[in-house]
Amino acid sequence: MTSTSSASTTPTTVTAAASGRWTLGDLPVNRIGFGTMRLPQTGGALVPDAVPRDRDAALAVLRRAVDLGVNHIDTAAFYFSPLRSANELINSALAPYADDLVITTKVGPARDLTGRWAAHARTPEALRGQVEENLRQLGRDHLDVVNLRTVGTDSIAERFGALAELRQAGLIRHLGLSNVTPAHLAEAQAIAPVVCVQNRYGLGMRSKDDAFVQDCGAQAIAFVPYYAIAAAGGEAGATGAEPAEVPAVAQAHGVGPAEIRLAWTLHQGPHVLAIPGTGDPGHLAANVAAGALSLSEDELKLLDGLHRSTTTG
C-alpha cells in the first residue's frame with residue numbers, strides 16, 4: 001500500500017513504523033514484524049519434502065523487510081528445508097545486526113535431519129542444546145527473546161526454570177511463551193518475567209482466547225499471534241474462500257483480505273504484535289503497509305461478529 005499527498009503525486013512507501021511501537025522487556029519493536037517459517041521453502045512449511053526457496057530471493061526478502069522498517073524477526077532452529085535454514089538465512093542476510101534489530105526464537109520442538117518431527121526438548125540439557133544451536137546458527141553471543149513452546153497442559157516449571165537459568169547466565173535477554181494457557185503464564189511469571197506470549201490466534205480463530213489476549217495487555221505482556229493470515233490453513237498457508245465480510249472491508253480500503261486480517265489483529269490492543277511471513281516481496285510490502293490501516297467502528301463491529309460466530313481452533 002502507498003499513500004499520495006495532495007501536493008504531490010509521488011507515492012510514499014509505508015514502513016513498519018506506521019504500525020506503532022511496543023517494548024519487549026527493554027527492546028522496542030515496531031508492531032509489524034516478520035516471521036521466517038515460510039522463508040526456507042516454497043509451499044507448505046515444516047514438512048520433510050519441502051521445496052527449498054531460491055537462496056538469493058530469500059536473502060533479498062529479509063533485507064527488504066529491514067529496509068521497510070521491520071525490526072522484529074521471528075525464527076526457530078526447526079524452521080528449515082532440505083537446503084535452507086531460516087537462522088542461517090537471517091545470519092547471511094542481516095549480520096552484522098543493527099542495534100535495534102530484535103530476533104525472537106523458540107525452543108522445545110525438534111526435527112531430525114530428515115525434517116521429521118522428533119521428541120520435544122524437555123530436560124534442561126536438551127533446552128540448553130537448542131539455545132546454543134540458535135546462538136551458533138544466528139552468529140550471536142546471546143538471544144534477544146526465547147519463547148518456550150509447549151504441547152499439552154502439563155507443568156512448564158522445570159523447563160521454564162531451565163531457560164531462566166540461561167537468562168541469568170547471559171545467554172538469553174528476555175523470555176516468552178508459545179502455545180500456552182493462562183495457567184502456564186502464571187506459572188512462568190512466578191519464576192521469571194515473561195515479555196511475550198505467542199499463540200495461534202486471528203480473525204475467526206480461537207475467540208475463546210479473547211480474554212487471554214486482553215489479560216496479557218493488562219500485564220504489559222506482548223501477545224504475538226501466529227497464523228493470523230493463514231487462520232485454519234496453518235502451515236499450508238491461507239486456503240479456502242474468505243467469508244464475505246473480509247473482502248467487503250478489504251475492497252473499501254483498496255487492499256486484499258490478508259491486510260484486513262492483519263489490521264484486525266493489530267486493532268485488538270497496542271500490545272498485540274504481528275509476524276506475518278512470506279517469500280514474496282510484494283506480499284511483504286502489503287503486509288507491512290497493513291500496519292497503517294485504520295478500521296472504522298462499523299468495520300470492527302462487522303469483523304468482530306464474524307470472529308465470534310465462525311471461530312475455529
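To the nearest 0.5 angstrom, Asp67 atom CG is 11.0 Å from Thr15 atom OG1. Here the CD-CD1 distance, from Glu165 to Ile191, works out to 10.0 Å after rounding to the nearest 0.5 Å. Put simply, CZ on Phe212 and OG1 on Thr181 are 6.5 Å apart, with the number rounded to the nearest 0.5 Å. Summarising the geometry, atom CG belonging to Leu284 is positioned 7.0 Å from atom OG1 belonging to Thr278; distances are rounded to the nearest 0.5 Å. Between the CE atom in Met37 and the OH atom in Tyr227 there is a gap of 4.0 Å [rounded to 0.5 Å]. The CZ atom of Arg116 sits 8.0 Å away from atom CG of Asp49, with the distance rounded to the nearest 0.5 Å.
Between Asp154 and Arg159, at least one side-chain nitrogen of the basic residue sits less than 4.0 Å from a carboxylate oxygen of the acidic one, meeting the salt-bridge criterion. Salt bridge present: Arg128 and Glu132 bring a charged side-chain N and a carboxylate O closer than 4.0 Å. Between Asp26 and Arg173, at least one side-chain N (NZ, or NE/NH1/NH2) sits under 4.0 Å from a carboxylate O, which counts as a salt bridge.
In terms of heavy-atom proximity, Thr105 sits nearest to Ala76 at OG1-CA, 3.3 Å. In this structure, Ala126 and Ala121 approach most closely via the heavy-atom pair CB-CB, 3.7 Å. Of all heavy-atom pairs between Ala86 and Thr36, the closest is CB-OG1, 3.5 Å. The heavy-atom pair separating Ala58 from Leu89 by the smallest distance is CB-CD1, 3.9 Å. Gln41 approaches Ser81 most closely through the heavy-atom pair CB-CB, 3.8 Å. Taking both residues in full, the closest heavy atoms of Glu259 and Ala290 are given as O-CB, 3.7 Å, listed atom of the first, atom of the second, then distance.
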Could you walk me through whether Glu187 and Ile156 pass the side-chain contact (heavy atoms from CB on, under 4.5 Å) check?
CA-CA 7 Å; Glu187 186 177 30; Ile156 62 170; 3.3 Å; yes
Determine, stepwise, if the pair Asn134 / Arg140 fulfils side-chain contact (heavy atoms from CB on, under 4.5 Å).
CA-CA 8 Å; Asn134 276 281; Arg140 303 290 297 272; over 6 Å; no
Evaluate Arg53 against Val61 for side-chain contact (heavy atoms from CB on, under 4.5 Å), listing each step before the verdict.
CA-CA 11 Å; Arg53 189 177 300 279; Val61 166; over 6 Å; no
Can you list the steps and then say if Phe34 with Asn287 is a side-chain contact (heavy atoms from CB on, under 4.5 Å)?
CA-CA 9 Å; Phe34 181 77; Asn287 290 344; over 6 Å; no
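When ring centroids are compared, Phe223 and Tyr201 come within the 6.0 Å threshold. Between Trp22 and His72, the distance separating the two ring centers is not shorter than 6.0 angstrom.
Annotation: side-chain hydrogen bond (donor to acceptor under 3.5 Å, both in side chains) contacts of Arg111 (sequence neighbours excluded): none. Applying the ring-ring contact (aromatic ring centres under 6.0 Å, His included) test to Phe160 and every residue at least two apart in sequence or in another chain returns nothing.
Side-chain N or O atoms of Arg149 include none that pairs as donor or acceptor with a backbone N or O of Ser178 at under 3.5 Å. Here the side chain of Asn30 pairs no donor or acceptor atom with the backbone of Arg21 at under 3.5 angstrom. Under the 3.5 Å distance criterion, the side-chain polar atoms of Asn91 are matched with a main-chain donor or acceptor of Gln137. Using a distance-only test at 3.5 Å, with no hydrogens or angles considered, no donor-acceptor pair links the side chain of His271 to the main chain of Ala222. Judged by distance alone, with hydrogens and angles left aside, the side-chain atoms of His267 form a donor-acceptor pair with the main-chain N or O of Ala263 at under 3.5 Å.
Taking a 6.0 Å sphere around CD of Gln189, one finds it holds more than 12 heavy atoms contributed by other residues, nucleotides or ligands. The number of heavy atoms from other shown groups lying within 6.0 Å of CD (Gln251) does not exceed 12. Atom NE2 of His142 is surrounded by more than 12 heavy atoms from other residues, nucleotides or ligands within 6.0 Å.
Hydrophobic clustering places Val70 together with Leu293 (ILVMFWY residues linked when any side-chain heavy atoms are closer than 4.5 Å, directly or through intermediates). Put simply, Leu127 and Leu175 are part of the same group of oily side chains (I, L, V, M, F, W, Y) that touch within less than 4.5 Å, one to the next. Residue Ile229 is not grouped with residue Val224 when hydrophobic side chains (ILVMFWY) are merged at heavy-atom distances under 4.5 angstrom, including chains of intermediate members. A continuous path of hydrophobic side-chain contacts links Val194 to Ile172 [ILVMFWY only; heavy atoms under 4.5 Å]. Note: the hydrophobic cluster containing Val102 does not contain Ile90 (ILVMFWY, side chain heavy atoms under 4.5 Å, direct or indirect links).
Judged purely by distance below 3.5 Å, without hydrogens or angles, the side chains of Asp210 and Gln214 never pair a donor atom with an acceptor atom. Of the N and O atoms on the side chains of Asp112 and Thr114, at least one donor lies less than 3.5 Å from an acceptor on the other residue.
Put simply, the residue from Leu143, Asp141, Asn87 that forms a side-chain contact (heavy atoms from CB on, under 4.5 Å) with Leu135 is Leu143.
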